[in-house]
Amino acid sequence: MKIYNTLTKQKDDFKPINPPLVTFYACGPTVYDFFHIGNGRTFIMTDVVRRYLIYKGFKVKFAMNLTDVDDKIIKKANSEGKSASDVSKKYSDEFFKDLEALKIRKADFYPRATEHIIEITNMISKLESNGIAYNVNGDVFFEVNKFDNYGKLSGKNLDELEIGARVEINDSKKNSLDFALWKKAKEGEPYWESPWGKGRPGWHIECSAMSTKHLGETIDIHAGGNDLIFPHHENEIAQSECSSGKEFVKYWIHFGFLNIKEEKMSKSLGNFYTARDILKKYSAEAIRMLFCQTHYRGPMNFSFELLDASEKGLAKLQNIVDMIISNKDSADEKINSEFDFAKYYRNFEEAMDDDFNTPQAVAVIFDFVKDYNKFIVDNNNVSKAFWQGGYDFLYRTALEVLGIIDLGVNEISDNTKLTNELINLLLEIRAKLKAEKKYLLSDEIRNRLGEIGVSVKDTKDGSTFRIN
RNA sequence: GGCGCUGUACCCAAGCGGCUUAAGGGGAAGGUCUGCAAAACCUUUAUUCAUCGGUUCGAAUCCGAUCGGCGCCUCCA
């Protein structure tokens with residue numbers, strides 16, 4: 001299995017430090033607002049990466065941080081006359097709601113900056129005693145010149161950065177690229193006590209401290225959006241490696257941006273849609289499908305036309321899923337199927353093993369569906385094993401890894417079990433009506449079911465239904 | 001100025017040296033099946049991969065130049 005590693009700028013063989021364990025950290029949101037669908041792409045693709053690692057048999061320990069104290073939160077709190085913690089509480093709650101709606105699996109940990117002040121100040125103290133951090137009247141900075149490898153991730157070098165500098169001038173820093181580890185509290189800002197006085201953590205240090213605490217000094221994978229490569233991830237490396245003396249991360253994964261009309265979707269440009277707005281009109285599966293149809297590293301365009309197209313493509317998958325679910329418990333065992341399921345697993349894995357090539361993987365699933373349908377058309381009577389095999393394949397790939405179909409919808413709780421039985425009862429009666437050519441009544445049943453959200457389709461093997 | 005990404009059909013998008021005279025999805029056109037809906041199935045829709053050169057037995061894939069588009073270097077997924 002190969003993963004493109006930003007650090008080496010090539011696809012590296014994936015060899016975790018302590019297999020089957022994989023330690024995986026992803027940069028999460030700053031909780032000051034709803035997240036937009038561009039952020040959603042990163043969260044969803046991170047989820048797909050994690051799910052595939054699980055599919056491959058790894059035991060993944062996954063943490064995603066929440067930045068719950070920073071300038072944007074404080075600003076929002078001030079403008080709304082609330083406390084910073086009220087703001088971060090509100091938007092972290094909303095964050096979790098959106099994740100769930102997008103069918104993203106919960107992380108093992110969601111560490112928050114404000115809950116790790118001790119780990120953070122300890123790390124800063126260590127950097128200070130190593131002579132790498134310096135205190136200027138309560139602000140503590142990281143001295144980039146003290147870390148020889150500074151720039152190894154982003155491919156930048158210090159001299160050029162200083163020349164082209166668009167960085168803000170700050171006379172108190174030794175080098176304009178030095179970054180804050182600890183920020184002295186200004187009047188009215190939230191603060192914590194520290195060896196340097198009242199203040200709060202700088203942005204980058206929380207990830208170093210929390211990653212180390214929950215996953216160890218050297219972790220396997222660290223992921224985030226492209227725009228975090230510099231300075232955020234570069235700074236994380238500097239802090240962590242100067243503090244532990246060990247390599248911080250083996251594999252760095254970065255996601256491409258979501259563009260809208262050829263421009264990066266971003267809060268500051270105002271050209272964004274929140275994830276929850278999109279979810280009002282489109283299914284999580286359609287959104288995930290859209291993202292899976294482009295490779296995670298490249299940029300991708302967003303538009304409602306593309307989402308419509310994904311939703312339509314999805315219907316093709318969902319139709320076969322409905323047919324499988326309707327048949328897998330009732331088909332007879334007489335005819336042996338010779339459908340080569342292994343081929344599709346192989347192709348799926350081959351695609352995903354190559355740096356998570358989800359567009360290819362989706363293509364494999366569509367190939368499968370086409371061939372599977374054809375098999376049904378070509379063979380009058382297929383076996384139970386055939387239905388079960390199809391169920392298993394789609395369950396393991398399209399549902400468990402990519403999350404682009406909804407297999408369980410017709411068979412979840414006891415409550416839906418009863419509903420299903422009632423619908424099946426209606427459909428049995430309807431089948432009798434059809435046999436007697438009483439189409440007026442049978443059509444009425446279908447229409448009325450449609451009105452209450454149950455779509456019915458007739459096939460040569462009987463009717464299938466789906467609860468919308 | 002530095003670093004990086006990108007240009008494949010009507011749209012989206014894989015492929016990154018021979019398996020490919022280019023996957024998959026959407027769209028469009030025709031057909032089969034069918035009480036009707038729907039689905040499914042079968043055809044068709046890029047001799048061509050921004051342009052021009054070069055390397056090679058062989059290039060969409062490697063190299064060079066040219067012309068576009070985008071991002072990072074400041075908060076940003």
Side-chain angles (χ1 to χ4, degrees), chain A residues 6 9 26-30 32 35-46 70-72 75 151 154-157 159-168 176-177 203 223-232 234 254-259 262-269 272 289-290 292-295 297-303 305-320 322-323 347 351 354 357-367 369-370 372-378 434 437-440 442-443 446-447 450 455-460 463-464:
Chain A
T6 310
K9 294 191 172 47
C27 289
T30 298
Y32 73 106
F35 68 84
H36 62 63
I37 195 66
N39 303 313
R41 158 133 106 140
T42 297
F43 298 145
I44 286 172
M45 295 316 288
T46 300
D70 101 324
D71 293 344
K72 290 192 289 285
K75 195 176 160 193
S154 56
K156 299 181 187 304
N157 79 56
D159 301 336
E160 282 162 359
L161 277 170
E162 287 173 69
I163 293 164
R166 276 207 273 160
V167 272
E168 71 183 273
S176 58
L177 289 165
W203 176 37
N226 245 185
D227 49 1
L228 296 183
I229 296 173
F230 191 89
H232 186 54
E234 196 69 70
H254 289 97
F255 301 97
F257 293 124
L258 192 67
N259 292 151
E262 306 292 306
E263 245 183 355
K264 176 185 175 184
M265 180 182 285
S266 75
K267 284 268 165 58
S268 47
L269 289 169
F272 63 89
M289 168 81 124
L290 178 65
C292 284
Q293 281 182 299
T294 300
H295 188 80
R297 263 189 295 122
M300 76 169 284
N301 286 306
F302 175 83
S303 75
E305 290 70 29
L306 292 173
L307 264 176
D308 288 333
S310 292
E311 198 89 74
K312 281 177 190 154
L314 222 48
K316 196 169 183 170
L317 297 186
Q318 205 61 60
N319 281 326
I320 191 67
D322 293 344
M323 195 191 286
N347 290 162
D354 182 19
N357 191 338
T358 54
Q360 187 67 51
V362 169
V364 171
I365 289 169
F366 277 105
D367 283 340
V369 169
K370 191 183 173 85
Y372 192 81
N373 270 318
K374 189 167 161 47
F375 193 91
I376 295 169
V377 168
D378 292 347
K434 279 175 61 182
K437 295 197 194 311
K438 292 181 175 162
Y439 295 123
L440 238 55
S442 73
D443 285 355
R446 184 171 61 197
N447 292 339
S455 53
V456 174
K457 287 171 189 165
D458 298 339
T459 71
K460 66 180 164 80
S463 303
T464 71

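Labels below follow one simple rule: chain letters A, B, ... track the order of the sequence lines, proteins then strands, and each chain is numbered from 1. Keep in mind it's a predicted model, so treat the numbers as computed, not measured. The analysis underlying the following values was restricted to heavy atoms, covering all of them including side chains, and did not include hydrogens, waters or symmetry mates.
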Does some side-chain heavy atom of A:Pro29 sit less than 4.5 Å from a side-chain heavy atom of A:Phe43?
-> yes
Should A:Ile229 and A:Thr6 count as side-chain neighbours, where that means a heavy-atom distance under 4.5 Å? yes
Exercise. How far apart are the C-alpha atoms of A:Asn319 and A:Asn373, what are their side-chain angles, what is the distance that settles it, and do they pass the side-chain contact (heavy atoms from CB on, under 4.5 Å) test?
Worked result: CA-CA 10 Å; A:Asn319 281 326; A:Asn373 270 318; over 6 Å; no
Counting the atoms with a prime plus P, OP1 and OP2 as sugar-phosphate, which does [X] contact under 4.0 Å by heavy atoms, base, sugar-phosphate, or nothing?
{"X": "A:Lys72", "result": "sugar-phosphate"}
{"X": "A:Lys156", "result": "base"}
{"X": "A:Val364", "result": "nothing"}
{"X": "A:Thr294", "result": "sugar-phosphate"}
{"X": "A:Leu290", "result": "nothing"}
{"X": "A:Phe257", "result": "base"}
{"X": "A:His295", "result": "sugar-phosphate"}
{"X": "A:Ala363", "result": "base"}
{"X": "A:Asp308", "result": "nothing"}
{"X": "A:Lys312", "result": "sugar-phosphate"}
{"X": "A:Arg446", "result": "base"}
{"X": "A:Gly256", "result": "base"}
{"X": "A:Met265", "result": "base"}
{"X": "A:Ser268", "result": "nothing"}

All heavy atoms of A:Val456 vs all of A:Ser463, minimum pair found to be CG1-CB, 4.2 Å
Among [options], which nucleotide sits nearest the side chain of [X]?
{"X": "A:Lys434", "options": "B:C42, B:C73, B:G35", "value": "B:G35"}
{"X": "A:Lys370", "options": "B:C41, B:A14, B:G69", "value": "B:C41"}
{"X": "A:Asn373", "options": "B:G24, B:A40, B:A23", "value": "B:A40"}
{"X": "A:Asp367", "options": "B:A39, B:G24, B:A77", "value": "B:G24"}
{"X": "A:Ala309", "options": "B:A77, B:C70, B:G26", "value": "B:G26"}
{"X": "A:Asp443", "options": "B:C5, B:G35, B:A13", "value": "B:G35"}
{"X": "A:His36", "options": "B:A77, B:G25, B:G71", "value": "B:A77"}

The reported gap from NE2 in A:His232 to OG in A:Ser154 (rounded to nearest 0.5 angstrom) is 13.5 Å
Please determine, for [N], whether a Watson-Crick or G-U wobble partner exists with both distances under 3.5 Å, and give it or none.
{"N": "B:U47", "answer": "none"}
{"N": "B:C5", "answer": "B:G69"}
{"N": "B:G24", "answer": "B:C12"}
{"N": "B:U74", "answer": "none"}
{"N": "B:U55", "answer": "none"}
{"N": "B:U32", "answer": "B:A40"}

* Between the main-chain N or O of A:Gly225 and the side-chain N or O of A:Arg41, is there a donor-acceptor pair closer than 3.5 Å? ->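 It does not hold such a pair.
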Q. Which is it for A:Phe255 and A:Thr46 under the side-chain contact (heavy atoms from CB on, under 4.5 Å) test, yes or no, and what are the steps along the way?
A. CA-CA 9 Å; A:Phe255 301 97; A:Thr46 300; 3.3 Å; yes
Here's a test of your reading of the structure: between A:Gly155 and A:Val377, which maps to the more 5' nucleotide of RNA chain B?
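Counting from the 5' end, the first nearest nucleotide belongs to A:Gly155.
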Whichever of A:Gly224 and A:Glu305 has the more 5' nearest nucleotide on RNA chain B, that residue is A:Glu305
Taking [atom1] from [X] and [atom2] from [N], how many angstroms apart are they, rounded to a whole number?
{"X": "A:Arg41", "N": "B:G71", "atom1": "CZ", "atom2": "C1'", "result": "13 Å"}
{"X": "A:His254", "N": "B:C3", "atom1": "NE2", "atom2": "P", "result": "19 Å"}
{"X": "A:Ile376", "N": "B:C41", "atom1": "CD1", "atom2": "C1'", "result": "11 Å"}
{"X": "A:Phe366", "N": "B:A13", "atom1": "CZ", "atom2": "C1'", "result": "13 Å"}
{"X": "A:Leu307", "N": "B:G26", "atom1": "CG", "atom2": "C1'", "result": "12 Å"}
{"X": "A:Lys316", "N": "B:G24", "atom1": "NZ", "atom2": "P", "result": "10 Å"}
{"X": "A:Leu177", "N": "B:C73", "atom1": "CG", "atom2": "P", "result": "12 Å"}
{"X": "A:Gln318", "N": "B:G26", "atom1": "CD", "atom2": "C1'", "result": "18 Å"}

Pairwise [atom1] distance, [M] and [N] [rounded to whole Å]:
{"N": "B:U61", "M": "B:U8", "atom1": "C1'", "value": "11 Å"}
{"N": "B:C5", "M": "B:C63", "atom1": "P", "value": "11 Å"}
{"N": "B:A50", "M": "B:U56", "atom1": "P", "value": "23 Å"}
{"N": "B:G18", "M": "B:A65", "atom1": "C1'", "value": "27 Å"}
{"N": "B:C33", "M": "B:C42", "atom1": "C1'", "value": "11 Å"}
{"N": "B:A59", "M": "B:G71", "atom1": "C1'", "value": "29 Å"}
{"N": "B:A38", "M": "B:A22", "atom1": "C1'", "value": "33 Å"}
{"N": "B:G69", "M": "B:U51", "atom1": "C1'", "value": "15 Å"}

Quick check on [N]: is either OP1 or OP2 less than 4.0 Å from any side-chain nitrogen or oxygen of [X]?
{"X": "A:Asn357", "N": "B:G15", "value": "yes"}
{"X": "A:Asn259", "N": "B:C70", "value": "no"}
{"X": "A:Lys457", "N": "B:A40", "value": "no"}

Practice task
Assess whether one donor atom and one acceptor atom, taken from the side chain of A:Asn226 and the base of B:C5, lie less than 3.5 Å apart.
Solution key: no
| request: Take A:Phe302 and A:Leu290 through the test side-chain contact (heavy atoms from CB on, under 4.5 Å) and record every step on the way to the result. | output: CA-CA 9 Å; A:Phe302 175 83; A:Leu290 178 65; 4.2 Å; yes
### Task
Mark this stacking check for A:Tyr439 against B:G35 as yes or no, applying ring centres under 5.5 Å and ring planes under 30°.
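Stacked: ring centres under 5.5 Å, planes under 30°.
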Checklist line | A:Lys9, NZ atom: more than 12 neighbouring heavy atoms under 6.0 Å | finding: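 Correct, the count exceeds 12.
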Quick check on A:Leu269: does its CG atom have over 12 non-hydrogen neighbours (other residues, nucleotides or ligands) under 6.0 Å away?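 It does: A:Leu269 CG has more than 12 such atoms within range.
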